[in-house]
2 protein chains.
Amino acid sequence: MADIRTVAALAGVSVATVSRALSAPDKLRPETLARVTDAIARTGYNPNARAQGLRRQRSRTVMVIVNDLPNPFIASVVRAIEDRARAAGYCVLIGDSQRCRTHELAYGTMATRGIADGIIQFGPRPPFGTESDLARFPVVSVLDCFHHPSVPTVQIDNRAAAEDMMARLIGLGHRRIALITGPVTSSQSHDRADGARAAFAGHFGHLEGLVATTGDYSAESGRLAMAALLDSPARRPTAVFCFNDLMAIGAMKAIGAAGLAVPADISVAGFDDIEVARFLAPALATVRQPAQEIGTVAFDLLEQRIASPAAAVSHVRLPHAIREGESLSRPGMARHRHGAGAASAMRRGPTCL
Amino acid sequence: MADIRTVAALAGVSVATVSRALSAPDKLRPETLARVTDAIARTGYNPNARAQGLRRQRSRTVMVIVNDLPNPFIASVVRAIEDRARAAGYCVLIGDSQRCRTHELAYGTMATRGIADGIIQFGPRPPFGTESDLARFPVVSVLDCFHHPSVPTVQIDNRAAAEDMMARLIGLGHRRIALITGPVTSSQSHDRADGARAAFAGHFGHLEGLVATTGDYSAESGRLAMAALLDSPARRPTAVFCFNDLMAIGAMKAIGAAGLAVPADISVAGFDDIEVARFLAPALATVRQPAQEIGTVAFDLLEQRIASPAAAVSHVRLPHAIREGESLSRPGMARHRHGAGAASAMRRGPTCL
DNA sequence: CTGAAAGCGCTTACAG
DNA sequence: CTGAAAGCGCTTACAG
């Protein structure tokens with residue numbers, strides 16, 4: 001924690017020379033460089049990043065704003081961003097808004113106070129209160145994107161991905177399918193719901209049999225939503241498509257709690273392909289999103305934007321894939337061991353599409 | 001992104017007055033304050049944190065270094081730290097070392113470059129290469145702690161917690177118990193193994209029947225470790241105590257893959273009490289660690305240390321609890337439906353304690 | 001190739 | 001109560 005003056009004195013040079021030894025060593029006479037390098041080593045000198053940032057007007061830090069850090073899928077994208085950032089000599093500042101708009105805005109403001117050079121935003125709203133800031137401060141929107149002329153986005157084709165999974169379910173013979181969606185504010189959830197509807201209507205010519213209920217991407221919300229769907233055995237779906245894996249885990253729990261089996265009674269599909277999904281029994285069929293690549297591309301786009309703010313804004317769509325699992329089967333695979341009890345249909349949430 | 005000079009000019013005062021309007025408003029004449037406040041509002045002025053930090057020699061930022069951010073238990077402790085930090089007006093910088101020593105040291109060095117006022121370290125090693133830095137820079141060690149005279153720690157009593165879970169297993173009648181531990185570098189894993197041994201030996205007077213194999217806290221390592229334990233049906237344990245929930249999830253997968261059932265054939269216990277553990281079927285019995293409180297206390301200790309570096313170093317032990325689950329039962333609950341095949345005993349890893 | 005000097009945007013004794 | 005000035009630790013034209 002010596003400063004540049006200490007090092008300069010020790011090496012018998014000016015502070016400018018010490019600075020150059022670090023940033024442009026080839027501009028120094030080898031002899032001088034050696035003296036400075038030695039002094040740096042002896043003092044354990046590390047330039048103060050605050051002072052560097054102030055002088056250079058660049059912090060080499062990016063802020064990542066997520067809304068649910070404990071969600072393993074989000075964490076894995078964050079990890080990929082961090083990997084790439086580190087390689088590029090950047091620090092990463094993570095803000096977990098916990099879906100609270102106030103926190104989100106606080107992190108956004110913080111970033112613009114010279115703390116970060118740009119923001120990677122995971123949520124469906126801009127991290128600033130005033131839209132015009134988006135034109136001035138580099139922001140990249142990722143996963144659950146929002147749209148703005150000066151904000152690049154990186155995500156999969158959520159609509160097509162949902163269509164693909166629905167095609168799989170329909171292909172297996174399912175005619176009564178439930179969706180457990182994300183919150184109404186989630187743009188990716190809208191896209192997926194659109195895709196699901198398109199696939200269903202495209203195949204059957206109508207939407208009868210497709211039902212949707214809303215979750216909030218937490219396992220508990222998936223459990224509750226599924227429990228609501230099970231309230232009415234007569235209209236019970238034969239397959240459930242959850243818009244993330246955590247909700248699928250919750251749904252599986254609710255199905256088990258009702259004395260039903262996956263997939264014999266109800267097939268379950270997820271979204272994200274988090275690691276634990278592969279460890280469930282049965283292993284969850286889900287939509288794989290390329291977490292690593294999403295993070296990498298997001299960082300690269302942000303870095304480009306920091307370097308040249310006027311360049312064209314690109315919107316990257318990365319490929320998804322269907323991850324096979326044991327949680328899907330054809331409908332009607334179970335003996336009819338459950339009594340009726342046609343109770344309160346659609347009590348909570350579920351609405352026809 | 002106006003600067004203080006712009007605001008001062010607009011309000012017709014000096015920059016010193018603008019600074020005071022923010023940090024000590026009561027020192028200004030109400031009239032002046034009003035003019036400045038108005039100018040601040042009109043320009044959307046936010047002080048540059050870099051410049052503030054440089055001048056004040058305080059960044060009001062703490063760095064959190066974890067080794068596995070996607071682990072939901074770790075993420076939940078990080079979230080608690082962030083909550084507390086935000087309330088105290090601090091930023092949080094998260095570094096995910098991914099168990100790589102080089103990255104860990106890089107984050108540690110970064111923090112000391114004026115970027116952070118202190119570090120909360122999750123791993124069992126100090127974040128610096130030279131020990132003496134620990135006396136100079138505030139560090140708090142958390143969860144998987146290391147020990148150093150000037151570093152406060154916060155964790156549960158891992159030894160006692162393991163004893164408690166072992167007592168539960170022994171009380172159910174288990175006589176052949178396997179441990180799936182963390183890596184050898186993990187101090188908390190050592191403590192837990194000690195506790196497990198003490199409980200076993202205390203009850204039986206010997207260690208025959210207690211077996212340990214090593215994992216790395218990932219689900220996949222739990223699966224592999226469990227598969228190795230199942231290699232020899234004759235010596236198969238009737239209960240497995242995994243030193244985190246992710247490994248327990250992996251172990252359950254391996255048990256299912258071998259055609260066995262939890263808990264009928266093998267009881268499984270975990271550690272951490274992550275949210276998904278409650279959603280497994282069967283719900284996992286585990287050791288609850290108070291994530292929220294651990295994070296809160298860790299931040300508070302760090303803040304104290306930043307404020308008064310010379311104060312006494314405290315070591316906080318927070319209470320754990322046993323979370324009941326359906327993954328435990330008495331041994332021998334299953335019919336003997338599996339053939340023998342007494343193959344290669346202890347081929348991989350498992351060693352008698 | 002090297003140094004003296006200005007300045008990044010703030011804060012805070014020091015005067016008045 | 002308010003302002004002028006020094007300085008936090010760097011970097012980088014500008015001279016030489």
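Owing to the predicted nature of the structure, the values given are computational and were not obtained by experimental measurement. Here is the naming used below: chain letters follow the sequence lines, and residue numbers restart at 1 for every chain.
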Return yes when atom CZ of R5(A) has more than 12 non-hydrogen atoms of other residues, nucleotides or ligands closer than 6.0 Å, and no otherwise. no

Quickly work out the R60(B) CZ to dC10(C) P distance and round it to whole Å. 18 Å

Under a plain distance cut-off of 3.5 Å, with no hydrogens placed, do D144(B) and Q155(B) share a side-chain donor-acceptor pair? no

Going by an N to O cut-off under 4.0 Å, is there a salt bridge joining R35(B) and D38(B)? no

Are any non-hydrogen side-chain atoms of F146(A) and S187(A) less than 4.5 angstrom apart? no

Below 3.5 Å between N/O atoms, which protein atoms pair up with nucleotides 1-3 of chain C? Just atom names and distances, please.
residue: dT2(C); atom: OP1; partner: R29(A); partner atom: NE; Å: 3.2
residue: dT2(C); atom: OP1; partner: R29(A); partner atom: NH2; Å: 3.2
residue: dT2(C); atom: OP1; partner: T32(A); partner atom: OG1; Å: 2.1
residue: dT2(C); atom: OP2; partner: R29(A); partner atom: N; Å: 3.0
residue: dT2(C); atom: OP2; partner: T32(A); partner atom: OG1; Å: 3.4
residue: dG3(C); atom: OP2; partner: S14(A); partner atom: N; Å: 3.1
residue: dG3(C); atom: OP2; partner: S14(A); partner atom: OG; Å: 3.1
residue: dG3(C); atom: OP2; partner: T17(A); partner atom: OG1; Å: 2.5
residue: dG3(C); atom: N7; partner: R20(A); partner atom: NH1; Å: 3.3
residue: dG3(C); atom: O6; partner: R20(A); partner atom: NH2; Å: 2.5

Report each atom pair, protein N/O against N/O of nucleotides 7-9 of chain C, whose distance is under 3.5 angstrom.
residue: dG7(C); atom: N2; partner: R55(A); partner atom: NH1; Å: 3.3
residue: dC8(C); atom: O3'; partner: Q57(A); partner atom: NE2; Å: 3.4
residue: dC8(C); atom: O2; partner: R55(A); partner atom: N; Å: 3.4
residue: dG9(C); atom: OP1; partner: Q57(A); partner atom: NE2; Å: 3.2
residue: dG9(C); atom: N2; partner: A51(B); partner atom: O; Å: 3.3

Under a 3.5 Å cut-off for both contacts, is dA13(D) paired Watson-Crick or G-U wobble with anything, and if yes, with which nucleotide? none

Here the side chain to side chain donor-acceptor pair (under 3.5 Å) pairs for residues 291-303 of chain B, sequence neighbours left out, are R84(B)-D300(B)

Just checking, any donor-acceptor pair under 3.5 angstrom between side chains of Q289(B) and D272(B)? yes

Between dT12(C) and dG16(C), how far apart are the two C1' atoms, rounded to whole Å? 16 Å

Sole residue of R60(B), R305(B), R58(B), R56(B) in salt bridge (charged side-chain N to carboxylate O under 4.0 Å, His left out) with D117(B): R58(B)

For the pair D68(A) and R79(B), find out whether any cationic side-chain nitrogen is under 4.0 Å from an anionic carboxylate oxygen. yes

